[in-house]
Amino acid sequence: MTGHPAFIAAAFLLPLALVISYYDVRYRRIPNPFVLATLLTGLTLNVFVGGLSGALASLGGCALAFGLMFVLHVFGAMGAGDVKLFAAIGSVLGASLVVPTFFVVVLVGGALGLVTMLRAGAARATLHNTLMLILGLLPGWKMPRLAVPADRRKTIPYGVAITFGSLISLLIFRP
């Protein structure tokens with residue numbers, strides 16, 4: 001996605017980032033109408049710019065983004081709304097930008113998580129849970145299923161990381 005299409009995608013993603021951030025921070029929910037509008041906008045933009053190949057890139061981006069986030073959801077690290085949001089953003093970015101965007105989103109989420117952890121005074125518990133997750137990846141160890149904390153101060157509104165990480169990625173990786 002180069003030139004004008006990248007500018008149009010960024011112009012769409014910026015207000016989306018602000019609205020999603022508000023809803024995710026305030027209510028810890030990402031409304032489905034915003035996700036659906038993002039999906040349809042991504043598909044429309046890519047069809048308009050690239051025809052059939054644009055449609056395939058958009059659908060491929062949606063599927064790849066869904067798959068990457070769904071793996072995190074299975075381990076309890078991501079909510080279903082976050083999975084749907086990243087899939088919809090994948091339709092805007094196209095398949096070629098999903099993987100680099102995923103890494104940027106993870107980095108932004110990590111920074112947000114670090115701030116959240118320090119602000120909530122939960123460094124010890126968070127580091128212990130992180131160690132258990134890493135050990136769970138090793139052969140012979142069981143992957144823990146971590147419960148979502150009841151205290152919202154100890155959770156991350158990941159929609160913020162997804163939307164702003166996607167904007168950062170679009171600015172960095174567009175050719």
Side-chain angles (χ1 to χ4, degrees), residues 10 13-32 34-35 38-39 60-174:
L13 289 176
L14 181 60
L16 176 75
L18 297 174
V19 170
I20 292 293
S21 294
Y22 171 77
Y23 274 92
D24 205 15
V25 168
R26 172 116 181 167
Y27 303 110
R28 291 299 198 266
R29 295 264 181 243
I30 300 171
N32 284 334
F34 296 132
V35 174
T38 303
L39 176 69
C62 180
L64 181 57
F66 178 86
L68 289 170
M69 283 295 192
F70 187 73
V71 169
L72 295 176
H73 175 69
V74 167
F75 291 120
M78 199 66 49
D82 300 321
V83 175
K84 292 183 289 186
L85 176 63
F86 193 59
I89 288 177
S91 77
V92 175
L93 299 174
S96 64
L97 284 180
V98 168
V99 173
T101 299
F102 178 76
F103 287 115
V104 173
V105 166
V106 168
L107 290 173
V108 171
L112 186 59
L114 184 63
V115 169
T116 301
M117 174 187 73
L118 294 173
R119 199 180 90 224
R124 182 180 170 142
T126 302
L127 293 175
H128 177 265
N129 288 342
T130 303
L131 177 62
M132 292 296 102
L133 287 171
I134 292 169
L135 290 174
L137 295 171
L138 298 175
W141 288 78
K142 184 178 178 187
M143 178 61 72
R145 178 87 171 147
L146 303 174
V148 176
D151 184 358
R152 285 179 41 177
R153 294 177 306 134
K154 295 181 180 179
T155 63
I156 302 169
Y158 218 78
V160 175
I162 292 169
T163 54
F164 282 98
S166 297
L167 276 169
I168 291 166
S169 176
L170 187 61
L171 295 173
I172 292 172
F173 295 114
R174 70 177 176 86

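Aromatic ring pairs are classed by plane angle as parallel below 30°, tilted from 30° to 60° and perpendicular above 60°; the pair Phe70 and His73 is tilted. In this pair, Phe86 and Phe102 present their aromatic rings tilted. The plane angle is within the 30 to 60° band.
In plain terms, the two heavy atoms of Gly90 and Ala65 that are nearest each other are CA-CB, 4.0 Å. Here the shortest heavy-atom pairing between Pro100 and Ser169 reads C-OG, 4.1 Å. The two residues Val104 and Ile168 come nearest to each other via the heavy atoms CG1-CG2, 3.9 Å. Among all heavy-atom pairs drawn from Val83 and Met69, the shortest one is CG2-O, 3.7 Å.
Proximity of Phe164 to Leu18: side-chain heavy atoms (C-beta onward) are separated by under 4.5 Å at one or more points. Using a 4.5 Å heavy-atom threshold, the side chains of Lys84 and Ile30 count as separate. Within the 4.5 Å cutoff, side-chain heavy atoms of Thr38 are placed close to those of Ile89.
For Phe34 and Tyr23, the gap between ring centers is short of 6.0 Å.
To the nearest 0.5 Å, atoms CZ (Arg124) and CG (Asn129) are separated by 12.0 Å. Distance check: Asp82 CG to Ile156 CD1 gives 10.0 Å after rounding to the nearest 0.5 Å. A distance of 8.5 Å separates OG1 of Thr163 from CG of Leu13, quoted to the nearest 0.5 Å. Once rounded to the nearest 0.5 Å, the distance linking OG1 of Thr101 with CG of Leu64 reads 10.0 Å. Separation of atoms CG (Leu93) and CG (Leu167) is listed at 9.0 Å; rounding is to 0.5 Å.
Leu138 meets the side chain to side chain contact (heavy atoms under 4.5 Å, CB included) test with Leu135, Trp141; sequence neighbours excluded. Here Phe103 pairs with Val99 under the side chain to side chain contact (heavy atoms under 4.5 Å, CB included) rule; sequence neighbours left out.
Although no hydrogens or angles enter the test, the distance criterion places a donor-acceptor pair under 3.5 Å between the side chain of Thr116 and the main chain of Leu112. Remark: side-chain polar atoms of Asp24 are paired, donor with acceptor, to backbone N or O of Tyr158 under 3.5 angstrom. In this structure, the side chain of Ser91 engages the main chain of Ala88 through a donor-acceptor pair within 3.5 Å.
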